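Okay, so here's the structure we're looking at.
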Amino acid sequence: MAGNFAQNLNHQPYGALARMHPGEKVLVRTVGGGRESHPFHLHGNHARVIARDGNMLLTNPGNNLAGPLLFTILSAPGTTTDAIWEWTGKDLNWDMYGHAPDSGV
């Protein structure tokens, strides 16, 4: 997380900028704390929803994690949504690993 009162986050006093390495998976919890719905958008990749309001979304046979793969998660008032998000940058024409264009990697 970015530190509290980071200079580049003038209006956000508490650590809110999650940082990760490319390819790592992050658990994202959205909380509908206001009075209006808000579309929560994760840039770059979809997120696999794994729980709503604290209830895991499981398949019946085998109880494997299940849930929709969403580009935008609707954060409705009084609800929570948990999702697994992995940023890869795939199909964005930007190399997140910093390879040189002619490196052959």
Side-chain angles (χ1 to χ4, degrees):
M1 299 295 288
N4 295 342
F5 301 99
Q7 280 187 310
N8 60 331
L9 301 171
N10 296 331
H11 302 289
Q12 180 64 45
Y14 305 109
L17 179 64
R19 295 187 263 181
M20 59 191 278
H21 294 98
E24 289 179 339
K25 293 181 180 177
V26 175
L27 174 65
V28 176
R29 173 171 286 161
T30 60
V31 178
R35 291 188 278 175
E36 297 180 11
S37 294
H38 178 76
F40 185 78
H41 172 68
L42 295 159
H43 292 269
N45 286 86
H46 290 63
R48 173 75 60 194
V49 174
I50 60 168
R52 292 194 190 275
D53 298 327
N55 298 305
M56 297 295 290
L57 302 177
L58 303 172
T59 61
N60 287 334
N63 287 335
N64 295 318
L65 287 177
L69 192 61
L70 300 177
F71 193 64
T72 301
I73 297 170
L74 181 62
S75 181
T79 65
T80 64
T81 303
D82 294 338
I84 301 292
W85 182 66
E86 177 183 8
W87 189 79
T88 64
K90 183 179 180 202
D91 299 327
L92 295 178
N93 296 325
W94 185 73
D95 180 16
M96 64 183 185
Y97 297 104
H99 296 127
D102 58 353
S103 68
V105 180

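Every value quoted in this text rests on a predicted model; they were computed, and no experiment measured them.
Remark: L69 engages H46, R48 in a side-chain contact (heavy atoms from CB on, under 4.5 Å) (not counting sequence neighbours). A search for side-chain contact (heavy atoms from CB on, under 4.5 Å) contacts involving P68 returns V49, R52, L57, L70, not counting sequence neighbours. Every residue two or more places apart in sequence or in another chain that forms a side-chain contact (heavy atoms from CB on, under 4.5 Å) with R29 is listed here: V31, D82. For the side-chain contact (heavy atoms from CB on, under 4.5 Å) test, no residue two or more places apart in sequence or in another chain qualifies with E36.
Atom OG1 in T80 sits 11.0 Å away from atom CD1 in I73 (nearest 0.5 Å).
The two residues A47 and A83 come nearest to each other via the heavy atoms CB-CB, 3.9 Å. The minimum heavy-atom distance linking S37 with P77 is given by the pair OG-CD, 3.5 Å.
A single hydrophobic cluster is not seen to contain both V28 and L74; linkage of ILVMFWY side chains at heavy-atom distances under 4.5 Å, directly or through other members, places them apart.
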